[in-house]
Every structure is written in structure tokens, then in C-alpha cells.
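Taking it in order: structure first as C-alpha cells, then the write-up.
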Amino acid sequence: MLFSRAYVTETVERSGGFLLSQFIQFWMRTLDYRLYYYDPSADPASPEFRGPVIFLLWHEYVLVPFHLRRRTQLGILASRHRDAEWLSQMALMNGFEVFRGSSGRGGVGAMKAMFNQSNTSGLVLTPDGPRGPRREMAPGAIFLASKLKIPLVPIGFGFANPWRNKRSWDQFPLPKPGSRARIILGPRINIPEKLTRDELEEYRRSVQRSLICLTETAEAWAESNRPCPGSQPAPQLPIHWQP
């Protein structure tokens with residue numbers, strides 16, 4: 001056989017990632033973005049940025065940071081599941097550092113080494129991924145933030161009347177060209193060390209409520225298009241973070 005199956009699979013995944021990346025950048029560039037900050041220093045595209053931080057967003061909105069915050073030295077924790085491979089390839093092509101594994105106990109050592117040895121400005125986590133349930137947060141992000149002593153920053157996203165894939169577990173939204181996209185960058189949430197099981201669950205529920213609230217507020221903002229005092233056009237030009 002001229003080419004091995006592994007080579008063909010890798011080539012297809014890379015090609016798929018490239019085509020998906022180009023399509024997403026073209027499509028997302030048409031949107032009208034506005035952003036509300038609780039804390040501008042939590043944004044790696046801001047000259048006020050202080051990091052590192054761990055960003056939390058629901059899986060269905062993962063395309064937004066791929067477009068707006070590419071090449072800002074962010075990392076993304078990707079599942080080893082086959083379904084995540086195209087997403088990983090797209091992340092690499094947009095300047096994200098991709099780390100394979102889990103946000104649970106097995107991944108803590110690798111994450112700690114990553115933050116200590118690189119200029120990574122932050123980590124992007126989708127705490128309901130890779131397969132749901134939708135908008136239900138797994139405890140791994142709380143555990144990781146506690147062990148790494150890095151604050152969590154929840155982000156709410158919303159599109160105005162997007163097309164949604166009702167058959168996908170996350171009801172993936174595709175924004176209509178030229179439509180509104182709204183973003184709310186939440187406050188830093190510091191997680192204490194050495195949590196008991198009950199304390200970890202308490203923080204998980206609290207952060208989940210915050211992320212749901214921010215997301216639903218951003219979605220309502222996008223739908224209504226009401227003025228939001230203190231909001232601004234979302235900066236799209238990456239500013240490389242320096243530690």
C-alpha cells in the first residue's frame with residue numbers, strides 16, 4: 001500500500017482542520033461584536049492583561065475565541081476522543097497551543113509544567129464538553145484551578161437568532177452573516193486549595209450558575225440589541241502577551 005492508513009487519516013484531519021479554519025474566519029468576520037468587561041485585565045488582547053487565567057465557556061460557543069483571540073498565546077485542552085481531532089487541528093492553525101488529556105487528576109502535572117515552562121497566557125476550557133450534557137459543568141475545571149492556583153474567568157456568548165443544530169448534543173449555533181454577537185467577560189473566580197469533595201461540588205454549582213447567567217444575559221443582549229452602558233466593540237487584533 002502506497003500510504004498507510006494512519007498517514008491518510010492524519011492528512012484528512014489536517015486538511016479538514018485547515019478548510020474549517022478558513023471557513024470559520026471568513027464567516028465570523030462578518031459579525032458585529034460588542035463586549036462587556038467585568039475586568040479588562042482578564043482579556044489577553046488587552047494591554048492591561050494579567051495572567052494566566054482559565055477561561056470557561058460552553059462548548060457550543062467555542063468558535064468565537066478561535067476567531068477573536070487567535071495568536072494570543074492561549075492554550076486549549078482537547079479531548080483525546082476522535083471527534084475532537086478536527087477541532088484540535090483548527091485550534092493549532094489559529095495559533096492556539098493544544099494540550100491533550102483531561103482537566104482531572106491525570107492532567108494536573110502536565111498543565112502545571114505547561115504554565116511553568118511556556119508563555120501561555122491562559123487556558124480555554126469547555127466544561128460541558130466533549131459530549132455533554134449541554135450546559136452542565138463537569139468538576140474538572142474546579143479541580144484544575146484549585147491545584148494550579150489559577151483563577152477561572154467565565155465568559156458568556158450570544159448570537160442574534162442563530163441557526164441551531166437541534167440534533168447535536170450542544171445545539172450548536174451558527175450565527176447568520178452580518179448578525180450581532182455579544183460577549184460578557186466575567187469576573188475572576190479564585191478557587192481555594194485542598195477542597196473537600198463537598199466544597200468542590202459547591203464551587204462547581206456556583207461557577208455553573210455564573211456561566212449560565214452570563215450566557216443567557218449575552219444571548220438576551222444579542223437578541224434585543226439594547227444599549228449596554230460600558231460595553232465596547234470587541235477588539236479583534238491580537239496583542240501578543242508578554243509574561
Side-chain angles (χ1 to χ4, degrees), residues 13 16-17 20-21 23-24 27-28 54-69 74-92 94 96 98-108 111 122-146 152-175 181-186 189 191 195 197 200-220 222-223:
E13 287 169 348
L20 184 59
S21 175
F23 171 76
I24 291 302
W27 193 277
M28 301 294 281
I54 298 174
F55 295 104
L56 298 180
L57 57 141
W58 296 129
H59 189 273
E60 63 203 83
Y61 286 113
V62 73
L63 297 183
V64 182
F66 280 176
H67 173 64
L68 290 182
R69 293 298 175 265
L74 283 170
I76 185 168
L77 187 60
S79 166
R80 295 183 184 277
H81 197 276
R82 199 73 187 169
D83 293 349
E85 190 57 41
W86 280 26
L87 196 65
S88 300
Q89 292 297 330
M90 187 176 71
L92 287 169
N94 282 284
F96 284 75
V98 175
F99 303 95
R100 298 287 191 172
S102 165
S103 56
R105 298 178 186 275
V108 172
M111 293 295 102
L123 186 65
V124 177
L125 293 182
T126 56
D128 60 341
R131 290 193 164 188
R134 179 178 184 246
R135 298 191 183 183
E136 185 172 315
M137 182 172 173
I142 305 298
F143 181 83
L144 192 61
S146 175
L152 299 172
V153 177
I155 312 176
F157 295 99
F159 299 135
N161 192 30
W163 295 301
R164 281 193 178 271
N165 181 2
K166 297 293 187 178
R167 295 185 178 181
S168 67
W169 68 265
D170 62 354
Q171 297 185 27
F172 178 79
L174 183 64
R182 298 295 183 256
I183 306 161
I184 304 176
L185 193 72
I189 302 173
I191 307 297
L195 295 177
R197 187 184 298 272
L200 189 147
E201 174 60 15
E202 183 178 343
Y203 273 98
R204 185 199 69 80
R205 291 180 180 179
S206 175
V207 175
Q208 177 176 280
R209 286 194 297 268
S210 296
L211 188 52
I212 288 173
C213 181
L214 290 171
T215 302
E216 291 180 348
T217 302
E219 289 174 338
E223 291 289 352

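Position 1 is the first residue of the sequence; numbering continues from there.
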To the nearest 0.5 Å, atom CG of L185 lies from atom CZ of F157 at 8.0 Å
- Item | Min side-chain heavy-atom separation P127-V207 under 4.5 Å | no
Those residues at least two apart in sequence (or on a different chain) that pass side chain to side chain contact (heavy atoms under 4.5 Å, CB included) with L214 are Y38, P154, I184
Checklist line | Side-chain heavy-atom pair I189, I191 within 4.5 angstrom cut-off | finding: yes
In this structure, CD1 of I183 is separated from OG1 of T215 (nearest 0.5 Å) by 11.5 Å
Interatomic distance, OH@Y203 vs CG@L152, rounded to 0.5 Å, equals 10.5 Å
Sequence neighbours excluded, the answer for salt bridge (Lys or Arg N to Asp or Glu O under 4.0 Å) partners of E201 is R204, R205
I212 meets the side chain to side chain contact (heavy atoms under 4.5 Å, CB included) criterion, sequence neighbours left out, with W58, Q208, E216
Rounded to the nearest 0.5 Å, the CG atom of L74 sits from the CD1 atom of I54 at a distance of 12.0 Å
Would you be so kind as to tabulate the donor-acceptor pairs closer than 3.5 Å made by side chains of residues 135-145, with sequence neighbours excluded?
| residue | atom | partner | partner atom | Å |
| --- | --- | --- | --- | --- |
| R135 | NE | E60 | OE1 | 3.2 |
| R135 | NH2 | E60 | OE2 | 2.9 |
| R135 | NH2 | E219 | OE2 | 2.6 |

Those residues at least two apart in sequence (or on a different chain) that pass side-chain hydrogen bond (donor to acceptor under 3.5 Å, both in side chains) with D170 are H59, S168
Note: A160 and A222 closest approach over all heavy atoms is CB-O, 3.4 Å
Smallest heavy-atom separation, E223 atom then P162 atom, equals OE2-CD, 4.2 Å
Correct closest heavy-atom pair for G186 and V153 would be O-CG1, 3.5 Å
Taken in chain and number order and not counting sequence neighbours, the residues that satisfy side-chain hydrogen bond (donor to acceptor under 3.5 Å, both in side chains) with S206 are none
Residues at least two apart in sequence or cross-chain that pass ring-ring contact (aromatic ring centres under 6.0 Å, His included) with F66, listed by chain then number, are F96
Heavy-atom nearest pair, P173 first then Y61, reads CG-CE2, 3.9 Å
The ring-ring contact (aromatic ring centres under 6.0 Å, His included) partners of W163 (sequence neighbours excluded) come to none
The side chain to side chain contact (heavy atoms under 4.5 Å, CB included) partners of P175 (sequence neighbours excluded) come to W27, M28, L31, F159, S179
Do L57 and P65 make a side-chain contact, defined as non-hydrogen atoms from C-beta onward lying under 4.5 Å apart? yes
